[in-house]
Peer 1: 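Following this message is one structure expressed as structure tokens.
Numbering of ligands and ligand atoms starts at 1, following listing order.
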Amino acid sequence: MLNITMIGCGAIGIGALELLEKDPDLCVDAVIVPENSEELVRQRLAGFVRPPRVLTALPADARPDLLVECAGHRAIEEHVLPALERGIPCLVVSVGALSELGLAERLEAAARRGGTYIELLPGAIGGIDALSAAKVGGLDAVLYVGRKPASAWKGTPAEQVCDLDSISEATVIFQGSAREAASLYPKNANVAATLSLAGLGLDRTEVQLIADPHSSENVHRVEARGAFGGFEMTLRGKPLAANPKTSALTVYSVVRALGNHAHSLSI
Ligand SMILES: NC(=O)C1=CN([C@@H]2O[C@H](COP(=O)(O)OP(=O)(O)OC[C@H]3O[C@@H](n4cnc5c(N)ncnc54)[C@H](O)[C@@H]3O)[C@@H](O)[C@H]2O)C=CC1
Ligand SMILES: O=C([O-])CC(=O)C(=O)O
């Protein structure tokens, strides 16, 4: 039985907990949430058969088998870095946090000192295995185009580029490097960071982000060229009702990753 602590209990966290309840090989026994939100989260968890404990930090004597982050960029510095130093393996979905200069190196150093590891989850995207294998032979170009419904860009710098309530055509709201995309759009461009860390790096991966008033899906398109040949992929993700910025596949990616750590046969 794998004992897991989860950071964040929002759309991804609750979605994953619902699915993980059915797995006899693992148990999420605690969730870490921001201060002053404990009571609200306890209410959200009231219907669960095995509701996890609600905490605001990992207790000093806690030693979960895995810590899984489903919270947002700030949680990496706040919870993941110190957990790695303590030797606790960490799985993260907020991969875009690694766009901050030096953070990837600090995470690696903390994991090395703790004798453990950090695993970056594919989340809403697929094909990471192919892209990272292609990198071995050498990549020439990687392009990522992220297209989401106009409403998914609310509360982001896209609001300064166009009027999201009145655009009638698909509108490019960002064009540039994956590093800049992930830093400007922390809740919408984690996939850009994941693809670039697997492939050509944060500064050489080209990114285009589109607000599309006619789309009801989060559409991720990837094109890569290199010594291996070529790769084109389009993934049409269904947004989560609880957070339309996030695709349902992200929840399944968390569940798959945790299951792969717990089960005797995994794929
Ligand atoms: N890799 C990928 O493909 C994707 C990654 N993400 C990442 O996952 C994050 C969470 O997504 P959702 O669950 O949809 O968001 P959400 O907003 O529904 O839930 C996030 C939850 O985490 C909590 N939280 C925020 N900061 C925290 C902290 N420092 N410590 C503990 N809890 C904290 C919030 O209170 C909230 O309940 C996003 O912010 C994004 O960084 C999201 C979608 C796709
Ligand atoms: O869930 C998605 O479709 C992708 C997403 O938000 C991200 O890359 O941050």
Peer 1: Considering distance alone, does some N or O of Lys187 sit under 3.5 Å from an N or O of ligand 1?
Peer 2: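 In fact, backbone or side chain, Lys187 has no N or O that close.
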
Peer 1: Which of the numbered atoms in ligand 1 are under 4.0 angstrom from any heavy atom belonging to Ile7?
Peer 2: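 Numbered from 1, ligand 1 contributes 30 (N), 31 (C).
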
Peer 1: Using a 3.5 Å distance criterion without hydrogens, assess whether the side chain of Arg86 forms a donor-acceptor pair with backbone atoms of Ala60.
Peer 2: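 Pair found, side chain donor or acceptor close to backbone of Ala60.
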
Peer 1: With heavy-atom distances below 4.0 Å as the criterion, list the atoms of ligand 1 near Gly72.
Peer 2: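 In order of numbering, the contacting atoms are 9 (C), 39 (O), 41 (O).
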
Peer 1: Taking Pro64's backbone N and O only, do any of them form a donor-acceptor pair with Asn3's side chain (distance below 3.5 Å, no angle check)?
Peer 2: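 Pair absent, no side-chain N/O of Asn3 close to backbone of Pro64.
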
Peer 1: Say you draw a straight line from CD of Glu18 to CG of Leu45; how long is it, rounded to the nearest 0.5 Å?
Peer 2: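 Those atoms lie 10.0 Å apart.
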
Peer 1: Which atoms of ligand 1 are found less than 4.0 Å from any heavy atom of His73?
Peer 2: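 Matching atoms, with element in brackets: 41 (O).
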
Peer 1: Could you tell me whether the side chain of Trp153 and the main chain of Asp212 form a donor-acceptor pair under 3.5 Å?
Peer 2: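 No, because the side chain of Trp153 does not come within donor-acceptor range (under 3.5 Å) of the backbone of Asp212.
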
Peer 1: Near Ala11, which atoms of ligand 1 are under 4.0 Å from a heavy atom of that residue?
Peer 2: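 Here the atoms of ligand 1 in question are 13 (O), 14 (O), 16 (P), 18 (O), 19 (O).
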
Peer 1: Is there a polar contact between ligand 1 and Glu78, counting only N or O atoms under 3.5 Å apart?
Peer 2: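 Indeed, backbone or side chain, Glu78 has an N or O that close.
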
Peer 1: Should Val95 be listed as contacting ligand 1, given a heavy-atom distance under 4.0 Å as the test?
Peer 2: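 The answer is no, since Val95 has no heavy atom less than 4.0 Å from ligand 1.
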
Peer 1: Any side-chain to backbone donor/acceptor pair from His220 onto Ile125? Under 3.5 Å, distance only.
Peer 2: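 No; zero donor-acceptor contacts below 3.5 Å.
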
Peer 1: Do any heavy atoms of His79 fall under 4.0 Å from ligand 1?
Peer 2: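 The answer is yes: ligand 1 sits under 4.0 Å from a heavy atom of His79.
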
Peer 1: With backbone taken as N, CA, C and O and side chain as the heavy atoms from C-beta onward, which portion of Cys70 lies under 4.0 Å from ligand 1: side chain, backbone, both, or neither?
Peer 2: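 The backbone, only.
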
Peer 1: What I want to know is whether Asn243 and ligand 1 share at least one N or O pair that is separated by under 3.5 angstrom.
Peer 2: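 There is such a contact, yes.
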
Peer 1: Between atom CD1 of Ile173 and atom CG of Leu209, what is the distance when rounded to the nearest 0.5 Å?
Peer 2: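 It comes to 5.0 Å.
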
Peer 1: Please list, in number order, the atoms of ligand 1 under 4.0 Å from a heavy atom of Val191.
Peer 2: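 Answer for ligand 1: 3 (O).
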
Peer 1: Which one holds for Ser247 and ligand 1: side chain close, backbone close, both close, or neither close, with close meaning a heavy atom under 4.0 Å?
Peer 2: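 No part of Ser247 is near ligand 1 at this cut-off.
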
Peer 1: Considering only heavy atoms of Ser94, which atoms of ligand 1 have at least one such atom less than 4.0 Å away?
Peer 2: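 Listed by number with element, the hits are 7 (C), 8 (O), 9 (C), 40 (C), 41 (O).
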
Peer 1: Please indicate whether any nitrogen or oxygen in Ile125 is less than 3.5 Å from any nitrogen or oxygen in ligand 1.
Peer 2: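 Between Ile125 and ligand 1, no N or O pair is found under 3.5 Å apart.
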
Peer 1: Taking Arg179 for the side chain and Gly201 for the main chain, is one N or O donor matched with an acceptor at less than 3.5 Å?
Peer 2: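 No, the answer is negative, given that no donor and acceptor are paired below the 3.5 Å cut-off.
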
Peer 1: Sub-3.5 Å donor-acceptor pair from the side chain of Ser177 to the main-chain atoms of Asp203, do we have one?
Peer 2: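 Here the side-chain-to-backbone pair does not exist.
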
Peer 1: Please round to the nearest 0.5 Å and tell me the distance separating atom OG of Ser196 and atom CG of Leu202.
Peer 2: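 Going from OG on Ser196 over to CG on Leu202, the span is 3.5 Å.
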
Peer 1: Please could you name the atoms of ligand 1 that Gly8 approaches to less than 4.0 Å, counting only its heavy atoms?
Peer 2: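 Counting atoms of ligand 1 from 1, those under 4.0 Å from Gly8 are 22 (O), 32 (N).
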
Peer 1: Under a 3.5 Å cutoff, is there a donor and acceptor pairing between the side chains of Glu69 and Ser94?
Peer 2: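 Yes, Ser94 and Glu69 have a side-chain donor paired with an acceptor closer than 3.5 Å.
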
Peer 1: Answer yes or no for Ser37: is there a heavy-atom contact with ligand 1 below 4.0 Å?
Peer 2: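 Not so, Ser37 does not reach ligand 1.
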
Peer 1: Hey, which residues fall under 4.0 Å of ligand 2 on heavy atoms?
Peer 2: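 Around ligand 2, where the cutoff is 4.0 Å for heavy atoms, the contacting residues are Ala124, Lys148, Lys187, Asn188, Ala189, Asn190, Val191, Asn218, His220, Lys245, Thr246, Ser247, Thr250.
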
Peer 1: Quick check: does any side chain N or O of His263 sit under 3.5 Å from a backbone N or O of Gly259, one acting as donor and the other as acceptor?
Peer 2: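 Judged by distance alone, yes, a pair lies under 3.5 Å.
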
Peer 1: If hydrogens are left out, which of Pro34, Pro122, Gly10 has an atom nearest to atom 34 (C) of ligand 1, that is, the closest non-hydrogen atom?
Peer 2: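 The nearest heavy atom belongs to Pro34.
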
Peer 1: Mind telling me whether Tyr117 and His261 have parallel, tilted or perpendicular rings, with 30° and 60° as the class edges?
Peer 2: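 Geometry flag for Tyr117 against His261: parallel rings.
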
Peer 1: Could an N or O of ligand 1 be found under 3.5 Å from any N or O of Ile12, whether backbone or side chain?
Peer 2: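 Ile12 vs ligand 1: N/O contact under 3.5 Å present.
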
Peer 1: Where the side chain of Asn218 meets the backbone of Lys148, is there a donor-acceptor pair that is under 3.5 Å apart?
Peer 2: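 No, the answer is negative, given that no donor and acceptor are paired below the 3.5 Å cut-off.
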
Peer 1: Taking atom 42 (C) of ligand 1 as the point of reference, which of Thr246, Ile32, Val93, Val254 owns the nearest heavy atom?
Peer 2: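 The residue whose heavy atom sits nearest atom 42 (C) of ligand 1 is Thr246.
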
Peer 1: Is Arg50 paired with Glu21 through a side-chain N to carboxylate O contact shorter than 4.0 Å?
Peer 2: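 No, no charged N to carboxylate O under 4.0 Å.
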
Peer 1: Donor-acceptor pair, Thr156 side chain versus Ala158 backbone, under 3.5 Å?
Peer 2: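 Yes, Thr156 side chain to Ala158 backbone: donor-acceptor pair under 3.5 Å.
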
Peer 1: Determine whether a donor-acceptor pair (N or O, by modelled atom type, separation under 3.5 Å) exists between the side chain of Arg147 and the backbone of Arg221.
Peer 2: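 The answer is no, because no donor-acceptor pair under 3.5 Å joins these two groups.
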
Peer 1: Considering only heavy atoms of Ala75, which atoms of ligand 1 have at least one such atom less than 4.0 Å away?
Peer 2: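 The list of qualifying atoms is 28 (C), 29 (N).
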
Peer 1: Ignoring angles and geometry beyond distance, decide whether Ala124 reaches within less than 3.5 Å of ligand 1 through its nitrogen or oxygen atoms.
Peer 2: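 N/O-N/O distance below 3.5 Å exists for this pair.
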
